[in-house]
Undergrad: 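For reference, the structure I am asking about is given below.
Numbered from 1 within each chain, the chains take letters A, B, ... in sequence-line order.
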Amino acid sequence: MADKQTKSRPSTFRLLLNNQLATAGLVLFSLIVVIALLAPVLPLPDPDLTAPADRLLPVGTAGHLLGTDALGRDLFSRLIWGARVSLAVGISATLIAAFFGSLIGLVAGYAGGKTDTLLMRGIDMVMAFPYILLALAIVAVLGPGLLNALYAIAVVNIPFFARNIRGIALGLSRREFVDAARLSGKSHVQILFGEVLPNVLPVIIITMSTTIGWMILETAGLSFLGLGAQPPQADLGSMLGEGRKILFTSPHVSVVPGLMIFVLVMSINLLGDGVRDILDPRLKSGSLTRPVPRTAVRRETVPETIERDPDAILDVQGLRTEFRIGPDVYKAVGGVDLKVGKGECLGLVGESGSGKSVSAMSIMGLVPTPPGSIVGGVALLGDEDLFAASDERIRQLRGSAVSHVFQDPLSTLHPLFTVGDQLIEAIRAHQPLSYRQARARAEELLKTVRIPNAGSRLDSYPHEMSGGMRQRVCIAMALANEADVIIADEPTTALDVTVQAQVLSLLDKLRKERDTGILFITHDFGVVSAICDRVAVMYAGKIVETGTTEEILTAPKHPYTAKLIDCVPVLGEPERRLDAIEGRPPVVNRLPDGCAFAPRCPRAQADCRSGEMPMRQFGERRAARCLHPLEEEREVEHV
Amino acid sequence: MGLYIAKRLLAAIPVLFGLTIIVFVIMSMIPGDPATAILGSYATPENVEKLNRDLGLDKSMVEQYFIWIGNLLHGDLGRSYSLNKPVLDEVLSRFNATLILAGTALVICSILGLIAGVVSAVRQFGLADKVITFVVLIGISAPSFWLGLILILLFAVKIKLFPVSGMYASYGGGGPLDLLHHLFLPAMTLAVVATGVIARLTRTAMLEVLRQDYIRTARAKGLSESRVIYKHAFKAALVSVIPVIGIQAGFVLGGAVYIETVFQWPGIGSMLVTAISTRDLLLVQGGVLVVAAAYVLFNLAADVVQTIIDPRLR
């Protein structure tokens with residue numbers, strides 16, 4: 001699903017122009033820079049020419065577009081010359097800070113060990129100061145003046161570069177290409193600047209683009225306080241500072257330069273945000289979108305009459321779920337039928353990426369939208385089509401009629417709440433119990449899943465429990481409201497083998513006692529044989545084979561099923577573990593014509609590579625999607 | 001948890017010592033003769049020589065540091081030449097005003113920033129998100145000293161809603177209400193940038209958290225969306241936002257220098273600016289040390305709050 005490398009990536013600059021705000025920032029910033037650069041050749045009056053007779057003319061006076069200041073100097077001209085100084089100072093400070101900060105960061109990250117500790121402790125100490133205060137102390141010592149203000153601002157920004165670059169350099173210096181360069185006899189300096197530097201350049205640029213705005217702002221601030229530019233030299237800050245004295249009588253003298261600083265800094269920030277969005281992959285648009293509470297349902301056609309299997313409590317028919325990422329459509333689930341009877345355990349088996357989890361998560365609308373949406377099929381819980389139900393109805397059913405157990409019990413439990421609180425919350429979401437009653441019920445549930453000292457365990461946080469214990473808590477949570485169906489998504493995959501067996505037997509016992517249906521998702525046929533009554537094998541978004549566990553294990557029809565079974569390690573036959581399936585599952589936005597497994601299938605023939613593969617029936621509730629099914633009976637070794 | 005807080009308190013001590021070293025090093029970078037720099041160019045040679053002896057400048061740097069830090073621990077920060085009184089007295093009397101201003105601004109920016117960030121994340125790409133993102137961008141781009149002037153023009157001169165400057169009214173002033181009246185504009189101005197930063201980070205943190213597995217679990221349990229967002233997601237996002245609020249304390253304490261100057265607030269910031277102009281370096285040193293120490297304590301408080309929220313840190 002993540003295979004997007006094949007598309008040609010647009011250039012960084014193109015990406016930047018795609019971002020309207022960043023483009024606006026770029027245009028504005030370029031405009032200010034060009035005007036500032038051209039100041040000497042523009043037909044501007046002398047910015048320092050005083051004319052006492054024309055003092056404090058308002059904005060819009062003929063010959064003085066923005067009026068004049070207290071000494072009769074033309075404000076428009078002073079503004080442009082002031083912007084020139086502010087820009088020069090800001091950019092110089094950024095370059096100085098970037099140079100020294102990056103150098104410290106590179107050396108610390110590359111050298112590691114004591115050098116790293118020493119340098120970063122120093123940086124930490126500097127950062128323990130309030131930013132502007134340190135600059136003030138430096139200016140206090142060096143004396144007021146624009147150049148001193150520049151140095152001060154550069155110094156206080158060094159830590160930001162040092163920290164950011166050190167982090168990346170540290171990671172890079174442990175990478176293979178750096179080792180290779182070292183072995184090829186390159187010197188540290190060569191490696192640092194030839195191998196490491198080019199890779200940290202994006203981080204340096206991001207840090208520059210995010211700090212240059214501050215630096216312009218802070219140098220202007222120091223000048224405003226009278227500690228930067230000294231008369232007759234003027235930057236935007238000192239103009240603002242001078243204007244402040246006559247704020248009430250002639251506000252334009254201070255408002256105008258301030259506005260200029262604001263526009264300049266804003267254009268830089270817009271541009272900086274755009275640059276960061278492009279260079280920082282984590283923030284790339286779309287990767288940080290908020291999933292809505294329920295998967296979007298966009299069915300083109302809704303079947304008018306639905307034939308319902310009376311034996312099934314959960315009956316999924318023709319489910320299709322897609323992910324839209326940019327212009328690509330990934331058909332993760334392409335028409336899946338699943339039936340779970342009362343007290344029955346249906347195993348949904350397949351490799352990662354086969355669409356088994358997406359199928360299961362689609363049922364209660366837990367597939368993240370965006371990018372996912374359900375585009376076809378029905379999911380019947382009793383007589384109710386879940387895809388047609390209201391959001392509130394789905395919320396009521398979640399955790400009560402249908403509950404879930406997920407794969408990694410550490411990440412699926414909230415780290416900041418006690419397991420007791422999380423259990424109590426699950427109970428009280430659906431039962432009108434007081435906190436005290438719910439707590440007693442929670443303790444009972446923990447006992448049911450055989451957690452010792454259940455009462456005191458309620459006050460434990462997830463991180464204080466072992467993986468097996470955590471998964472028991474998750475199972476207890478799934479049992480909290482006597483669910484009809486439990487959807488278990490690889491509930492034992494993250495656990496040790498012995499713990500796996502315990503959790504499986506627990507689940508098996510509980511479902512038999514309570515007559516709960518289980519949809520059990522796994523990639524492991526060993527697990528299937530331990531708990532499932534029936535099996536559905538999935539490949540590339542489609543069910544390729546169904547049958548009872550015994551039928552499938554003893555006589556798989558589809559070559560893919562046979563290969564999956566072969567992947568299960570058998571005690572005493574360690575070499576079998578190596579018999580993984582060659583190749584990778586196909587990417588579901590470009591499925592091959594014909595059977596999706598054909599490219600990896602040892603039995604594939606010409607007719608496998610074209611047309612729609614039909615599901616072939618082999619008796620009641622036994623079917624496979626294969627033109628050349630396996631015939632022979634197999635010996636079952638691991639039931 | 002008490003143990004953890006004690007540990008953090010102990011860990012703050014070396015940081016405080018680090019601060020004194022940095023201040024000491026910066027102060028020793030004075031170009032030329034420090035005594036002349038402190039006393040000004042009109043000082044008589046006898047005075048310069050006496051001060052050199054008083055300051056122990058005939059000794060080595062390390063000795064000088066230990067003498068200085070010894071004095072510091074006795075509460076002796078030297079004597080302000082421009083005010084002719086002990087630095088500590090002046091700094092402490094000023095610090096109160098800065099603490100009121102910065103503390104209020106910090107409370108304002110935390111509350112507004114968190115609310116704006118959460119709303120922005122919940123309404124991602126919606127109108128509220130766009131408006132908040134835009135306002136935040138303006139807030140973090142506008143120079144606070146300029147914004148202060150504009151607010152004075154608007155709300156103190158045009159509409160006479162708030163006083164132009166100061167901490168208390170000159171006549172018949174005093175009391176908490178008068179203080180609040182004077183505090184409103186400067187505290188709001190000081191909070192603007194930090195509010196923007198906190199709002200941005202809260203938005204990102206919320207969006208990141210909302211993709212976590214435990215949020216899916218919360219939804220799978222059948223919790224209402226408001227409970228999912230305001231209880232489960234917000235608490236998790238808070239863990240990554242609180243250190244940022246601690247860091248913002250530094251920007252707020254530093255930014256107070258501008259705001260105190262603009263609003264003539266009698267705090268350490270405005271004192272520092274005057275002290276730098278009059279080259280009263282001992283006063284600068286004292287002011288910087290006290291504010292930096294306050295920042296360390298603010299960060300410590302943020303650490304403790306984070307530990308209360310996140311059991312994994314205990």
Undergrad: Does atom OH of Y151(A) have more than 12 heavy-atom neighbours from other groups under 6.0 Å away?
TA: no
Undergrad: R244(A) and T261(B): side-chain contact (heavy atoms from CB on, under 4.5 Å), yes or no, with the steps?
TA: CA-CA 11 Å; R244(A) 190 188 146 223; T261(B) 305; 3.8 Å; yes
Undergrad: I need the residue from Q396(A), Q422(A), M364(A) with the largest number of non-hydrogen atom pairs under 4.5 Å to chain B.
TA: Q422(A)
Undergrad: Taking the side chain as every heavy atom from C-beta outward, state whether V255(A) and L149(B) have any pair of such atoms under 4.5 Å apart.
TA: no
Undergrad: Can the positive tip of R216(B) be found less than 6.0 Å from the middle of the six-membered ring of F406(A), inside 45° of the ring normal?
TA: yes
Undergrad: Examine whether an atom of S224(B) lies under 4.5 Å from a heavy atom of chain A, and if so say whether it belongs to the side chain, the backbone or both; otherwise answer neither.
TA: both
Undergrad: To the nearest 0.5 Å, what is the distance between OG on S277(B) and CG on L227(A)?
TA: 5.5 Å
Undergrad: Answer with side chain, backbone, both or neither: which region of S254(A) has an atom nearer than 4.5 Å to a non-hydrogen atom of chain B?
TA: both
Undergrad: Could you walk me through whether V284(B) and L136(A) pass side-chain contact (heavy atoms from CB on, under 4.5 Å), step by step?
TA: CA-CA 9 Å; V284(B) 173; L136(A) 275 183; over 6 Å; no
Undergrad: Which bit of M266(A) comes within less than 4.5 Å of chain B, counting heavy atoms only: side chain, backbone, both or neither?
TA: both
Undergrad: Give, as side chain, backbone, both or neither, the part of L16(B) having an atom under 4.5 angstrom from any heavy atom of chain A.
TA: neither
Undergrad: Give me the atom names and distance for the closest heavy-atom approach of P311(B) to P415(A).
TA: CG-O, 3.6 Å
Undergrad: Y131(A) and F251(B): aromatic ring centres closer than 6.0 Å?
TA: yes
Undergrad: What residue, out of P293(A), A429(A), A478(A), G226(A), has the most heavy-atom pairs lying under 4.5 Å from chain B?
TA: P293(A)
Undergrad: Identify the two heavy atoms, one from L133(A) and one from A292(B), that lie closest to each other, and give their separation to 0.1 Å.
TA: CD2-N, 4.1 Å
Undergrad: Sub-3.5 Å donor-acceptor pair from the side chain of H430(A) to the main-chain atoms of K221(B), do we have one?
TA: yes
Undergrad: Can you say whether I138(B) sits under 4.5 Å from chain A via the side chain, the backbone, both, or neither, judging by heavy atoms?
TA: both
Undergrad: Between I487(A), I268(A), L397(A), I261(A), which shows the greatest number of heavy-atom pairs under 4.5 Å with chain B?
TA: I261(A)
Undergrad: Looking at V292(A), I216(A), V405(A), which makes the most heavy-atom pairs under 4.5 Å with chain B?
TA: V292(A)
Undergrad: Hey, mind stepping through E225(B) and R395(A) against side-chain contact (heavy atoms from CB on, under 4.5 Å) and telling me if it holds?
TA: CA-CA 9 Å; E225(B) 187 60 8; R395(A) 188 197 65 72; over 6 Å; no
Undergrad: Nearest 0.5 angstrom please: T217(B) OG1 to H404(A) NE2, how far?
TA: 10.0 Å
Undergrad: What part of V126(A) lies closer than 4.5 angstrom to a heavy atom of chain B: side chain, backbone, both or neither?
TA: both
Undergrad: Where does V228(B) contact chain A at under 4.5 Å (heavy atoms): side chain, backbone, both or neither?
TA: neither
Undergrad: Against chain B, label E392(A) side chain, backbone, both or neither, depending on which of its atoms sit under 4.5 Å from a heavy atom there.
TA: neither
Undergrad: Closest approach of E218(A) and Y258(B), non-hydrogen atoms and distance?
TA: OE1-OH, 2.8 Å
Undergrad: Top residue by heavy-atom pair count (under 4.5 Å) with chain A, among A220(B), G250(B), G18(B)?
TA: A220(B)
Undergrad: Below 4.5 Å, heavy-atom pairs only: which of V23(B), L223(B), V273(B) has the largest tally toward chain A?
TA: L223(B)
Undergrad: Of all the heavy-atom pairs spanning V288(B) and F129(A), show the shortest one and how long it is.
TA: CG1-CE2, 3.5 Å
Undergrad: Please rank G399(A), G122(A), G258(A) by heavy-atom pairs under 4.5 Å with chain B and give me the top one.
TA: G258(A)
Undergrad: Would you say that R398(A) contacts R219(B) through its side chain, given a criterion of any heavy-atom pair below 4.5 Å between the two side chains?
TA: yes
Undergrad: Tell me, out of V15(B), I215(B), V257(B), V296(B), who's got the most heavy-atom pairs with chain A below 4.5 Å.
TA: V257(B)
Undergrad: Given heavy-atom pairs under 4.5 angstrom as the criterion, report whether the side chain, backbone, both or neither of L259(A) touches chain B.
TA: both
Undergrad: Between H414(A) and Y214(B), how do the two ring planes meet: parallel, tilted or perpendicular, split at 30° and 60°?
TA: tilted
Undergrad: Could you state the interatomic distance from CD1 (I22(B)) to CG (L134(A)), rounded to the nearest 0.5 Å?
TA: 6.5 Å
Undergrad: Specify the closest pair of heavy atoms between V141(A) and M27(B), including all atoms of both residues, with the distance to one decimal.
TA: CG2-SD, 3.8 Å
Undergrad: Quick check for you: among I21(B), V262(B), I150(B), V157(B), which has the greatest number of heavy-atom pairs under 4.5 Å with chain A?
TA: V262(B)
Undergrad: Would you name the heavy atoms of D213(B) and S411(A) that are closest together and state the gap between them?
TA: OD2-OG, 2.8 Å
Undergrad: For I229(B), is it the side chain, the backbone, both, or neither that has a heavy atom closer than 4.5 Å to a heavy atom of chain A?
TA: side chain
Undergrad: Does this structure show an ion pair linking E425(A) with R227(B), if we count only N-O contacts that are shorter than 4.0 Å?
TA: yes
Undergrad: Between F145(B) and F224(A), how do the two ring planes meet: parallel, tilted or perpendicular, split at 30° and 60°?
TA: parallel
Undergrad: Heavy-atom distance under 4.5 Å to chain B: side chain of L366(A), backbone, both or neither?
TA: both
Undergrad: Counting only heavy atoms closer than 4.5 Å, note whether L153(B) contacts chain A via side chain, backbone, both or neither.
TA: side chain
Undergrad: When only pairs under 4.5 Å are counted, which of P462(A), G213(A), A426(A) shares the most heavy-atom pairs with chain B?
TA: A426(A)
Undergrad: Would you mind checking if D273(A) and R200(B) are paired as a salt bridge, meaning a charged N to carboxylate O distance below 4.0 Å?
TA: yes
Undergrad: Taking C-beta and beyond as the side chain, do F262(A) and L147(B) meet within less than 4.5 Å on heavy atoms?
TA: no
Undergrad: I'd like to know which of D310(B), L137(B), L253(B) tops the heavy-atom pair count under 4.5 Å against chain A.
TA: L137(B)
Undergrad: Between atom CZ of F417(A) and atom NE2 of H232(B), what is the distance when rounded to the nearest 0.5 Å?
TA: 5.0 Å
Undergrad: Please classify the contact between A142(B) and chain A as side chain, backbone, both or neither, with a heavy-atom cut-off of under 4.5 Å.
TA: both
Undergrad: Quick check: do V265(A) and I140(B) have side-chain heavy atoms less than 4.5 Å from each other?
TA: no
